[in-house]
A.B. asks: 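Structure in structure tokens, see below.
Computed over heavy atoms, backbone and side chain alike; hydrogens, waters and symmetry mates excluded. Convention: sequence-line order gives letters A, B, ...; per-chain numbering from 1.
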Number of protein chains: 2
Amino acid sequence: MTERGLRERKKADTRAALAAATLRLAIELGWENVTVEAVAAAADVSYRTFFNHFSAKEEALLFPAGTDQPRLSARLRAQPAGTGVLAAARTALHADLTELEADAAALRDRITVVAGNPSLLPRLVEIGAADEREVAVAIAERTGQDAETDLYPGLLAAVLSAAVRVTFSRWHVQRGAVPLTTLLDEALDALAAGLPEPPH
Amino acid sequence: MTERGLRERKKADTRAALAAATLRLAIELGWENVTVEAVAAAADVSYRTFFNHFSAKEEALLFPAGTDQPRLSARLRAQPAGTGVLAAARTALHADLTELEADAAALRDRITVVAGNPSLLPRLVEIGAADEREVAVAIAERTGQDAETDLYPGLLAAVLSAAVRVTFSRWHVQRGAVPLTTLLDEALDALAAGLPEPPH
DNA sequence: CCGCTCGCTGCACACTGTGCAAGCTTGCTC
DNA sequence: GAGCAAGCTTGCACAGTGTGCAGCGAGCGG
């Protein structure tokens, strides 16, 4: 399933080379100075080939592995039916973040680029929270509600997305000193406590 | 301060005409079929003039009044120092949403366009939550914390942003039957209660 | 009334993203 | 192993976005 032949392996290599070149050039030159032409040249393929692998420049930076990998909604559905929504979400998010933290160097570089280019920030959320809409549906399935009309599923999905975003930000500021999962737990605990105002 | 002369009035008219034409064409043709050239033609100005008023196509749709209007962070700072952060945020958000709901028809059209084009969704958040970063700083000032390192300010700002986004979504689904402020209160109450899982 | 300011306009340009029609390598079949 | 289909790569043309620059003309101040 991982490699079915030389052709697919070469294709994956090309995609990886393009993604790596994109990230490297973004760090070296700044995101706005990265052109698709330069990326293609750095990866030794033609300009046109870039768009055979990525539909847009941002995709090469933020979705180097492709969009068909297991997403948060899938992980959430995989949790046993007995557990509560919040606990299930916490477990699913842990799995997601652990996987991302596996190549921490690339993740840090990516966040660095995004931090310097706010226009990319929304897309980063998609990495962590995948398709927030799907997550809302998965939550609705678990609570027996309707994702369209009821408040809870959409709100929880959006709030989880926000928690992940904040977690990425803090992880980056602390230069990865604390694991993503630990930081996420802090955020989720604060949420579960109803966001009580801390003493000052 | 509102109008200082014929020239400024004409400029504001041009901007308003461009914004209105953008919204109208987006509803009629779909966002992806709206070209700047068509918008400029509909507003009876040249192509180049469009970019003298808006730095990008999305800005004409989402920030028709300009980005220098009073933002959420300013409203938040304007709240009396005695009140708690959550209460202050609620009041500030009420003011913001009430103002937006004043021209409900345009707001509904805008949300319709955004709902059909997820790529625009992140920008809509900016309308409601303004600059989330500034809000985080304002929260930090109120709690005597540091917006960079402490969890609370950034988390609360992100969560408020999420609540506003969900509120817009529900308002749109219900076709504006319930005021924005009422829907926002429901979301904030759920958050303050720690997002307890509803019975199913 | 004269000059200055400033919005509007046209032109040229770099870049993104897409459709189409090739060419060439891979992998499968006979 | 020869051929054939599939599909990755490539070049070309094109629509559209966004920017820099220079000129024009109407509003504004002295």
A.B. asks: Just to verify, which of B:Leu183, B:Asp185, B:Thr181 counts as forming a side chain to side chain contact (heavy atoms under 4.5 Å, CB included) with B:Thr167?
C.D. replies: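 Answer to the side chain to side chain contact (heavy atoms under 4.5 Å, CB included) test with B:Thr167 among B:Leu183, B:Asp185, B:Thr181: B:Leu183.
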A.B. asks: Tell me the interatomic distance from B:Asn33, atom CG, to D:dA15, atom P, rounded to whole angstroms.
C.D. replies: 15 Å
A.B. asks: Which one, C:dC15, C:dG10, D:dG18, comes nearest to the side chain of A:Thr35?
C.D. replies: C:dC15
A.B. asks: Of the options D:dT9, D:dG27, C:dC8, whose atoms approach the side-chain atoms of B:His53 most closely?
C.D. replies: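 Nearest to the side chain of B:His53 among the choices is C:dC8.
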A.B. asks: Compute whether any side-chain donor of one residue and acceptor of the other, for A:Thr83 and A:Gln79, lie under 3.5 angstrom apart.
C.D. replies: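 Per modelled atom types, A:Thr83 and A:Gln79 side chains form no pair under 3.5 Å.
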A.B. asks: Does any N or O donor sit under 3.5 Å from an N or O acceptor when you compare the side chain of B:Arg15 with the base of C:dG7?
C.D. replies: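 There is none.
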A.B. asks: How many Å lie between CD on B:Glu37 and C1' on D:dG18, as a whole number?
C.D. replies: 14 Å
A.B. asks: Answer yes when B:Arg142 and A:Glu197 have at least one side-chain N-carboxylate O distance shorter than 4.0 Å, and no when they do not.
C.D. replies: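 Result for this pair is no, no salt bridge flagged.
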A.B. asks: Look at B:Lys11 and C:dC6 and indicate whether a side-chain polar atom (N or O) is within less than 4.0 Å of OP1 or OP2.
C.D. replies: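 Checking B:Lys11 against C:dC6: no side-chain N or O falls below 4.0 Å of OP1 or OP2.
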A.B. asks: Checking contacts here: which listed nucleotide (D:dT17, C:dT18, D:dT19) is nearest the side-chain heavy atoms of A:Arg48?
C.D. replies: C:dT18
A.B. asks: Over how many whole Å does the gap from A:Leu18 atom CG to C:dT16 atom P extend?
C.D. replies: 13 Å
A.B. asks: Assign each of A:Asp44 and B:Ser55 to its nearest nucleotide of DNA chain D by heavy atoms, then name whichever residue's nucleotide is nearer the 5' end.
C.D. replies: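 Nearer the 5' end of the strand: A:Asp44.
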A.B. asks: Is B:Arg48 salt-bridged to B:Glu37, going by a charged N under 4.0 Å from an acidic O?
C.D. replies: no
A.B. asks: Tell me: CD of B:Glu32 to P of D:dG16, nearest whole Å?
C.D. replies: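 Checked: the CD to P distance equals 13 Å.
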A.B. asks: Should B:Thr14 be listed as having a side-chain N or O under 4.0 Å from OP1 or OP2 of C:dG7?
C.D. replies: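 It does not, given that no N or O in the side chain of B:Thr14 lies less than 4.0 Å from OP1 or OP2 of C:dG7.
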A.B. asks: Is the base of D:dG16 touched by the side chain of B:Tyr47 through a donor-acceptor pair closer than 3.5 angstrom?
C.D. replies: no
A.B. asks: Mind calculating the distance between CZ (B:Phe54) and P (D:dT19) to the nearest angstrom?
C.D. replies: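 Rounding to the nearest Å, CZ of B:Phe54 and P of D:dT19 are 14 Å apart.
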A.B. asks: If you compare every side-chain N and O of A:Lys10 against the phosphate oxygens of C:dT26 (OP1, OP2), does one of them come in below 4.0 Å?
C.D. replies: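 For A:Lys10, the contact criterion (side-chain N or O under 4.0 Å from OP1 or OP2 of C:dT26) is met.
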A.B. asks: Rounded to the nearest Å, what distance is computed from the NZ atom of residue B:Lys57 to the P atom of nucleotide D:dA15?
C.D. replies: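 One finds 16 Å between P of D:dA15 and NZ of B:Lys57, rounded.
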A.B. asks: On the nucleotide D:dT10, are OP1 or OP2 found under 4.0 Å from the side-chain N or O atoms that A:Thr49 carries?
C.D. replies: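 Answer is yes, contact under 4.0 Å.
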A.B. asks: For A:Asp146 and A:Thr149, which I'm curious about, is there any donor-acceptor pair between the side chains at under 3.5 Å?
C.D. replies: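 A pair is found: one side chain offers a donor N or O, the other an acceptor, under 3.5 Å apart.
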A.B. asks: Using the closest heavy atom to pick a nucleotide of DNA chain D for each, name whichever of A:Val45 or B:Arg7 lands nearer the 5' end.
C.D. replies: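 Its nearest nucleotide lies further toward 5', so the answer is A:Val45.
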A.B. asks: I need the CZ-P distance between B:Phe50 and C:dG10, as an integer number of Å.
C.D. replies: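 Rounded to whole Å, this separation is 16 Å.
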A.B. asks: Rounded to the nearest Å, what distance is computed from the CZ atom of residue B:Arg9 to the C1' atom of nucleotide C:dG7?
C.D. replies: 15 Å
